[in-house]
Visitor: 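Take a look at the following structure, please.
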Protein chains: 2
Amino acid sequence: MHPKKYPPSGDSLNTRERILNSAEVLFAEHGFERASLRALTAAAQVNLAAVHYHFGSKVALIRAIFERRLAPLNAERLGELDALEDAARGRPLTPAGIIEAFFGPVLRMSMNLESGGHRFIRLLGRAHAESRPVIRELLESAYVEVVERFRAALYRALPQMPEKELAWRMHFMLGAMSYVIAGTDAVQLIASYEVRKSEHPESVMKRIVPFLVAGLTAPLPDAGTAKTRRIEPQIRTRGEPRSARGAERRIERKAA
Amino acid sequence: MHPKKYPPSGDSLNTRERILNSAEVLFAEHGFERASLRALTAAAQVNLAAVHYHFGSKVALIRAIFERRLAPLNAERLGELDALEDAARGRPLTPAGIIEAFFGPVLRMSMNLESGGHRFIRLLGRAHAESRPVIRELLESAYVEVVERFRAALYRALPQMPEKELAWRMHFMLGAMSYVIAGTDAVQLIASYEVRKSEHPESVMKRIVPFLVAGLTAPLPDAGTAKTRRIEPQIRTRGEPRSARGAERRIERKAA
DNA sequence: GTATGATTCAAACGGTCGTTTGAATTGCTT
DNA sequence: AAGCAATTCAAACGACCGTTTGAATCATAC
């Protein structure tokens, strides 16, 4: 337990935020374990004990970092989804639109250098690979609402897809994205191209959205025979609610 | 420095392998940092100092784990690719075939419970999210040959795709896969479906390959105008080398 | 059976970690 | 100016970490 906090006065707020910012940097760079409170408080130029005074513990600090960033991020996601649904007037959305509403805010945040959002995004990618229960619970509670909303939207947009298959494909999409935003420079594994730092997040968006849309709308594993068969183009123009029917002909939803 | 090793006699080999096996288990479960040598040697029922006697250090132990597993894994990958190329007799391969050759061995290994391969696969997924230079160099040196071979094969199979775009899409694919094999039960983030432990790796393969193939062969970001436009089905039957041409019509390779 | 090298063992070393403590300092209110 | 809570600070605590050491034990060859 530590003293109850009143509305911060003076530069106590500065101390808190300096800790949060430095923690974001070092956690993103070295991970939650390797970044020590000593290194962190030294970078923030505050006393070691300030972390426990203002947050209570190291995991509480981690929690605070996520709360500060994830709330507006998810609000933006849901806001974009709301806007899409308002514009659609009851008709299903396009997979591409839903994907952009989900991953767009992340990629835009990763572009926002001055607010330090890009550092948090790296941190978020790192958290996805964590196995400590406390971190996983953190992510889970932060994601539960937004994932459910987007899952439902995708379910409506892809009426031909079984729930289970949809869950897996969302899983694959999240994996591709978290790998990208983790920014462990794993592209280096692929080739010697210096694609990494030089890319603008907008261009990453342009690259990954078609990839994800195509994967999401790929033919079901056991629909038809050939591995290379694909569903027909799902052309969708505004005001034509039957647009998703093209795929529905050859992919049937299976009972859960 | 520690004594030079001679062909192990008696159950010294057992000690070495017990360490390797327990290390695999605990590293996969808790990560490289959180799994201590003390916990590891206790699980293996060997003395703490045995790690340094047989391996020299903790990172050398990690290296040994990867060498033991990664060599046969990559050999299998290259073997499958060789077989495909032999059968194709100079013609380009199908993206699906290449993807299966690359990810199939991984998923099959993750199914191999008795040899403990599934634990290593989780470990491999974990290593992909590591940022420590020593781990990244490990992966890089292990991947460089096999990635170059597969990159070249994909480049031939997708003549319409710029190298840079291909590098990114391989990156996305690796991300989706590493997320899956890391097995951090992140599907739990998606939904309450109990897809996780119950799935056989073969069925995961059936699910992820179409996803990856579709993503890999998706239309290029700035080809055409609409976000939802897709390239035509890339039907490919054996012995018809022009099968990839359908896509080539609308996607043009850009100079690097 | 005794010498010799390989292996195991208990114990300790030096270091870093998250956390706690209690006093010093600051900033605001009366 | 005094009082008091909020905040900062240096120092230490106890635990755990990877690593090292040197002696004990084992297996094998002579």
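Labels below follow one simple rule: chain letters A, B, ... track the order of the sequence lines, proteins then strands, and each chain is numbered from 1. Not measured: the values here are computed from a predicted model. Heavy-atom basis, side chains included; hydrogens, waters and symmetry copies ignored.
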Visitor: Please report the distance, rounded to the nearest Å, between CD in A:Gln45 and C1' in D:dC9.
Guide: 15 Å
Visitor: Check B:Val59, B:Leu61, B:Ile65 against B:Arg63 for a side-chain contact (heavy atoms from CB on, under 4.5 Å) and give me the one that passes.
Guide: B:Val59
Visitor: Can you check whether B:Ile208 reaches A:Arg169 side chain to side chain, under 4.5 Å on heavy atoms?
Guide: no
Visitor: Side-chain contact test, heavy atoms from C-beta onward, threshold under 4.5 Å: evaluate it for A:Pro133 versus A:Glu140 and give yes or no.
Guide: no
Visitor: How many Å lie between CZ on A:Arg18 and P on D:dT8, as a whole number?
Guide: 8 Å
Visitor: Going by an N to O cut-off under 4.0 Å, is there a salt bridge joining A:Arg149 and A:Glu85?
Guide: yes
Visitor: Taking the six-membered ring for Trp and the single ring otherwise, decide whether the centroids of A:His128 and A:Tyr143 are under 6.0 Å apart.
Guide: yes
Visitor: Between D:dT21 atom C1' and B:Tyr53 atom OH, what is the distance in whole Å?
Guide: 15 Å
Visitor: Think B:His52 has a side-chain N or O under 4.0 angstrom from the OP1 or OP2 of D:dT21?
Guide: no
Visitor: Would you kindly compare A:Val59 and B:Ala49 by the position of their nearest DNA chain C nucleotide and give the one closer to the 5′ end?
Guide: B:Ala49
Visitor: Give the ring-plane orientation class for B:Trp168 versus B:His171, where under 30° counts as parallel, over 60° as perpendicular and anything between as tilted.
Guide: perpendicular
Visitor: For residues 22-37 of chain A, which residues have at least one heavy atom under 4.0 Å from DNA chain C?
Guide: A:Ala35, A:Ser36, A:Leu37
Visitor: Check whether B:Arg126 reaches the backbone of B:Glu29 with its side chain - one donor and one acceptor, N or O, closer than 3.5 Å.
Guide: yes
Visitor: Measure from the ring center of A:Phe120 to the ring center of A:Phe66 and say whether it is less than 6.0 Å.
Guide: yes
Visitor: If I take atom CD1 in residue A:Ile19 and atom C1' in nucleotide D:dC9, what distance separates them, rounded to the nearest angstrom?
Guide: 13 Å
Visitor: Answer yes or no: is there a donor N or O on one side and an acceptor on the other, between the side chain of A:Arg34 and the main chain of A:Phe27, under 3.5 Å?
Guide: no
Visitor: Just the rounded figure in Å: distance from C1' of C:dG22 to CG of A:Asn47.
Guide: 13 Å
Visitor: At a cut-off of 3.5 Å, list every protein nitrogen or oxygen paired with a nitrogen or oxygen from nucleotides 12-15 of chain D, distance to 0.1 Å.
Guide:
unit_1: D:dA12; atom_1: N6; unit_2: A:Arg38; atom_2: NH2; d: 3.3

Visitor: In whole Å, I'd like the distance from the CZ atom of A:Arg16 to the P atom of D:dT7.
Guide: 10 Å
Visitor: Round to a whole Å and report the spacing from CG of A:Leu40 to P of C:dT19.
Guide: 12 Å
Visitor: Using OP1 and OP2 only, check whether a side-chain N or O of B:Thr15 sits under 4.0 Å from C:dT8.
Guide: yes
Visitor: Students often get this wrong, so: under 4.0 angstrom with heavy atoms, is B:Ala50 touching a base, only sugar-phosphate, or nothing?
Guide: nothing
